[in-house]
Number of protein chains: 2
Amino acid sequence: MCDPGSVQSRTPKLTAKGRATRERIVAGAAAEFRARGVVATTLDDICRATATSKSQLFHYFPDGREQLLHAVAQHEADRVLLDQEPFLSDLTSWAAWDAWRDAVVARYREQGTSCPLGVLTTSLTRSTPASQEVTARLLEQWQRKITDGIVAMREQGAIAADVEPEQTGAALLAGIQGGVSILMQTGRLTHLEAALDVGIAALRG
Amino acid sequence: MCDPGSVQSRTPKLTAKGRATRERIVAGAAAEFRARGVVATTLDDICRATATSKSQLFHYFPDGREQLLHAVAQHEADRVLLDQEPFLSDLTSWAAWDAWRDAVVARYREQGTSCPLGVLTTSLTRSTPASQEVTARLLEQWQRKITDGIVAMREQGAIAADVEPEQTGAALLAGIQGGVSILMQTGRLTHLEAALDVGIAALRG
């Protein structure tokens with residue numbers, strides 16, 4: 001058993017080349033987990049898929065599987081936001097909002113009823129705080145970017161001055177999360193689309 | 001192993017007294033599952049807690065544990081809606097909408113980061129369709145009641161004629177689901193409250 005705190009503390013200091021190798025292992029592991037499932041994928045599978053020796057793997061992830069899972073969860077969380085770019089970081093025109101809406105819907109249409117990040121965070125059984133931290137950070141960054149967009153549009157006068165950016169951003173993020181959760185339970189995109197369309201229409205006023 | 005279809009088909013025909021006994025077992029089992037956890041609760045625990053013999057239990061639930069879990073999941077799903085009454089079924093004034101909003105927030109504040117229904121549906125491993133059916137039916141009934149409220153308010157002229165009840169109801173339900181999911185991940189009610197407050201404010205126009 002590793003205690004939750006150790007996952008972070010035992011990460012070695014890395015050179016640029018070391019960081020690149022670590023990132024290559026994480027990306028390869030993410031692909032293996034997506035293809036085979038988390039439970040069915042062994043560290044040997046990941047070594048084979050990424051052309052890494054077991055001792056190299058333990059150099060980058062001294063705490064083993066749990067620490068690798070945590071890194072892959074973080075990688076999948078980053079990908080959730082990356083898939084919404086370049087629109088999410090530049091919600092400064094209605095065209096950008098519409099393009100962002102379409103990017104979010106397309107991303108989750110492709111992902112369907114599976115949830116690579118959810119599978120990973122529920123697999124992090126030995127370090128629930130680490131899993132909660134990944135999710136909390138993702139939600140916080142996501143909401144920050146939506147809120148920044150609302151602030152920018154308000155400054156332009158495109159969104160009414162009485163719209164409260166933090167609260168409205170939180171409501172829009174909740175709608176997206178709920179839409180994705182209903183998609184995973186029912187296979188239908190209707191609620192995600194409704195949340196985005198009604199939410200953005202309300203911003204337009 | 002029982003196949004998913006058998007869960008429904010082997011339910012015996014019951015008299016009024018039989019239905020009352022069955023309901024008593026289901027309510028008792030729900031309380032045991034909530035208190036001890038689904039995995040830790042045995043059929044013997046449920047017999048003891050509900051003063052029922054094992055043969056009586058199998059009379060009402062011939063397929064055993066899986067069928068009982070399904071009945072308890074349905075019971076918890078019904079309770080989600082009941083906890084929002086009498087407001088949810090009568091959203092015909094802004095006072096009712098506000099009281100409903102408060103009832104939803106209070107319900108989930110009390111429930112916190114646990115989710116009795118979610119624990120049950122993820123425990124129904126051998127009959128995923130049965131679990132999906134419980135969730136899908138809950139979402140459908142919930143959305144129907146919200147949409148009925150929007151239609152009623154539109155007929156009174158309190159909600160603008162260009163508000164599309166089905167789509168707006170779907171968006172509001174998505175916001176609630178996302179707010180609850182964020183509450184379970186972070187322990188914070190902020191997003192649930194934002195989804196309800198922003199959603200209802202948009203309806204008011």
Side-chain angles (χ1 to χ4, degrees), chain A residues 77 108 113 115 117-118 121-122 128-129 131-140 142-143 146-147 150 160 162-205, chain B residues 77 108 113 115 117-118 121-122 128-129 131-140 142-143 146-147 150 160 162-205:
Chain A
Y108 285 102
T113 53
C115 179
L117 178 58
T121 52
T122 51
T128 308
S131 137
Q132 284 173 339
E133 172 209 304
V134 171
T135 310
R137 187 160 157 263
L138 169 60
L139 292 174
E140 199 182 303
W142 200 340
Q143 187 173 329
I146 297 173
T147 303
I150 298 172
D162 63 353
V163 169
E164 212 287 286
E166 210 57 62
Q167 185 197 32
T168 318
L172 196 46
L173 181 63
I176 295 170
Q177 297 306 303
V180 170
S181 134
I182 295 173
L183 164 67
M184 291 196 297
Q185 291 167 57
T186 66
R188 292 170 60 216
L189 274 165
T190 333
H191 290 79
L192 178 61
E193 292 183 310
L196 284 161
D197 291 339
V198 171
I200 296 173
L203 288 175
R204 281 186 205 248
Chain B
Y108 285 102
T113 54
C115 179
L117 178 58
T121 53
T122 52
T128 307
S131 136
Q132 284 173 339
E133 172 209 301
V134 171
T135 310
R137 189 161 154 264
L138 168 61
L139 291 174
E140 201 183 300
W142 200 340
Q143 187 173 327
I146 296 173
T147 303
I150 297 172
D162 63 353
V163 169
E164 212 287 287
E166 209 58 61
Q167 187 198 29
T168 319
L172 196 47
L173 181 63
I176 296 170
Q177 297 306 304
V180 169
S181 135
I182 295 172
L183 164 68
M184 290 196 297
Q185 291 167 59
T186 67
R188 293 171 59 216
L189 273 166
T190 334
H191 290 79
L192 177 61
E193 292 182 312
L196 283 162
D197 291 338
V198 171
I200 295 172
L203 287 175
R204 283 187 205 246

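Chain letters run A, B, ... following the sequence lines, proteins first, then strands; residues in each count from 1. The analysis underlying the following values was restricted to heavy atoms, covering all of them including side chains, and did not include hydrogens, waters or symmetry mates.
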List the atom of [X], the atom of [Y], and the distance in Å for their closest heavy-atom pair.
X: Trp142(A); Y: Ile176(A); result: CZ2-CG2, 3.8 Å
X: Leu183(B); Y: Thr113(B); result: O-CG2, 3.6 Å
X: Gly169(B); Y: Ile146(B); result: CA-CG2, 4.0 Å

### Task
Please flag which part of Glu164(A) lies under 4.5 Å from any non-hydrogen atom of chain B: side chain, backbone, both or neither.
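Contact with chain B: none, neither part.
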### Task
To the nearest 0.5 Å, tell me how far Ile150(A) CD1 sits from Leu203(A) CG.
5.0 Å
## Note on the structure
To the nearest 0.5 Å, atom OG1 of Thr190(B) lies from atom CG of Asp197(B) at 11.5 Å
### Message
Taking every non-hydrogen pair under 4.5 Å, which of His191(B), Gln177(B), Glu193(B) racks up the most with chain A?
### Response
His191(B)
#### Entry: Which of Ala170(A), Ala202(A), Ala195(A), Gly179(A) touches chain B most, by non-hydrogen pairs under 4.5 Å
Ala170(A)
### Message
Counting heavy-atom pairs closer than 4.5 Å to chain B, which one of Leu192(A), Leu172(A), Ile182(A), Thr186(A) comes out on top?
### Response
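Top option by heavy-atom pairs under 4.5 Å: Ile182(A).
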### Query
Side chain, backbone, both or neither: which part of Gln143(B) has a non-hydrogen atom closer than 4.5 Å to chain A?
side chain
